[in-house]
Amino acid sequence: MSDLQAIILTGGRAARLDGIPKALVRLEGATLLERAVHAARAAGAADIIIVGPAMDPAPDRVRWVREAPAFSGPAAALHAAMSTAAEDAAWTLVLAVDLIRPAEAVARLMADRELWPADTDGVCLGDASSRPQWLTGLYRTAALARGAASLDDEGRDQPVRQIMAELAIAVVRAPDDVVADIDTWQDLQDAGAVAPRAEKEDDR
């Protein structure tokens with residue numbers, strides 16, 4: 001689908017993981033960032049914007065932006081990304097980098113896109129209680145841009161739901177393993193993932 005672009009958010013503090021860069025956590029032979037980028041590309045994303053500090057190693061053919069100031073929250077990150085996003089891409093895929101199964105999440109988001117009512121601005125996955133996971137979503141670019149532009153102070157320290165407040169977003173409940181992410185050391189262990197520092201120590 002050539003009318004798709006993607007935004008991947010990587011710039012959180014990861015406080016419950018002692019500040020390690022989640023994007024460089026490795027799972028099944030690839031970093032979480034590589035897995036998210038691969039899922040977006042497999043869905044047909046022609047342009048991929050990564051919000052967060054540039055990293056090495058990094059995937060090819062991506063664009064990096066950063067919210068200002070750094071660590072001012074995911075709403076500010078989305079605002080920064082949308083300020084550079086392609087207006088002619090009809091759809092924007094939004095992913096948090098810490099998803100454990102980004103390919104499965106993206107597949108669910110893309111599956112029924114053609115069946116959405118014309119007045120639906122997007123869809124995001126929900127957990128078992130149908131709580132919206134805004135950062136696992138597929139949105140009409142014009143609607144997402146409109147929501148981001150409505151934020152005061154460029155979204156600094158505001159919740160993502162403020163972007164979505166005036167939009168018609170469908171929430172699709174998904175199995176827990178599809179929306180699971182890595183927020184804590186226990187999450188990392190349960191997923192069988194390896195933290196960057198642990199990996200370096202193991203290689204010594």
Side-chain angles (χ1 to χ4, degrees), residues 6-43 45 48-60 62 64-67 70-78 81 93-111 123-138 157 159-161 171-204:
I7 297 170
I8 300 173
L9 280 70
T10 73
R13 292 184 185 276
R16 289 185 285 174
L17 282 167
D18 300 326
I20 67 168
K22 287 187 183 181
L24 298 182
V25 167
R26 297 191 71 85
L27 176 63
E28 298 175 353
T31 67
L32 294 185
L33 179 57
E34 289 168 339
R35 289 165 64 85
V37 168
H38 178 77
R41 286 213 172 112
I48 298 177
I49 302 168
I50 301 176
V51 190
M55 296 182 178
D56 184 23
D60 295 330
V62 299
W64 297 86
V65 300
R66 193 75 197 265
E67 74 278 12
F71 305 118
S72 49
L78 277 177
L93 177 69
V94 175
L95 296 174
V97 78
D98 58 1
L99 280 170
I100 295 172
R101 301 186 180 279
E104 288 88 338
V106 171
R108 283 186 171 260
L109 290 168
M110 301 292 291
V123 63
C124 73
L125 298 188
D127 60 17
S129 63
S130 297
R131 181 178 59 181
Q133 306 297 301
W134 302 120
L135 301 184
T136 309
L138 178 65
D157 301 316
V160 175
R161 67 175 179 273
V171 179
V172 177
R173 189 166 61 181
D176 286 345
D177 62 336
V178 173
V179 295
D181 56 18
I182 294 178
D183 278 334
T184 67
W185 289 109
Q186 188 62 54
D187 294 338
L188 187 144
Q189 180 179 338
D190 291 346
V194 180
R197 281 181 291 191
E199 184 177 59
K200 289 177 182 178
E201 292 170 359
D202 291 343
D203 288 342
R204 290 175 185 173

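Keep in mind that this is a model prediction, so the values were computed, not measured. Position 1 is the first residue of the sequence; numbering continues from there.
- When every heavy atom of Gln133 is checked against every heavy atom of Cys124, the shortest pair comes out as O-CB, 3.6 Å.
- Here Thr10 contributes atom OG1 and Leu24 contributes atom CG; the two are 9.0 Å apart, rounded to the nearest 0.5 Å.
- Separation of atoms CG (Asp183) and CG (Leu188) is listed at 11.0 Å; rounding is to 0.5 Å.
- Summarising the geometry of Val171 relative to Ser130, their closest heavy-atom pair is CG1-O, 3.6 Å, with the distance given to 0.1 Å.
- With respect to Val94, the side chain to side chain contact (heavy atoms under 4.5 Å, CB included) criterion is satisfied by exactly one of Ile49, Val160, Leu9: Leu9.
- Nearest approach of Ala191 to Ile182, heavy atoms of both residues: CB-CD1, 4.2 Å.
- Residues satisfying the side-chain contact (heavy atoms from CB on, under 4.5 Å) test with Gln186, not counting sequence neighbours, are Thr184, Gln189, Asp190.
- Annotation: the span from Ile7 atom CD1 to Leu135 atom CG amounts to 10.5 Å, rounded to 0.5 Å.
- Rounding to the nearest 0.5 angstrom, the gap separating the CD atom in Glu67 from the CG atom in Asp157 is 10.0 Å.
- Between Val62 and Pro59, the shortest heavy-atom distance links the atoms CG2-O, 3.6 Å.
- Annotation for Pro196 and Ile20: closest pair CD-CD1, 4.0 Å, computed over non-hydrogen atoms.
- Taking the side chain as every heavy atom from C-beta outward, Pro102 and Thr136 never approach each other to under 4.5 Å.
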Acceptor/donor pairs from residues 30-40 side chains to any protein atom, 3.5 angstrom cut, sequence neighbours excluded:
{"from": "Thr31", "atom 1": "OG1", "to": "Glu34", "atom 2": "N", "distance (Å)": "3.0"}
{"from": "Thr31", "atom 1": "OG1", "to": "Glu34", "atom 2": "OE1", "distance (Å)": "3.4"}
{"from": "Glu34", "atom 1": "OE1", "to": "Thr31", "atom 2": "N", "distance (Å)": "2.9"}
{"from": "Arg35", "atom 1": "NH1", "to": "Glu28", "atom 2": "OE1", "distance (Å)": "3.1"}
{"from": "Arg35", "atom 1": "NH2", "to": "Ile100", "atom 2": "O", "distance (Å)": "2.7"}

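- Scanning all heavy atoms of the two residues, the minimum distance from Ala23 to Met55 falls at CB-SD, 3.4 Å.
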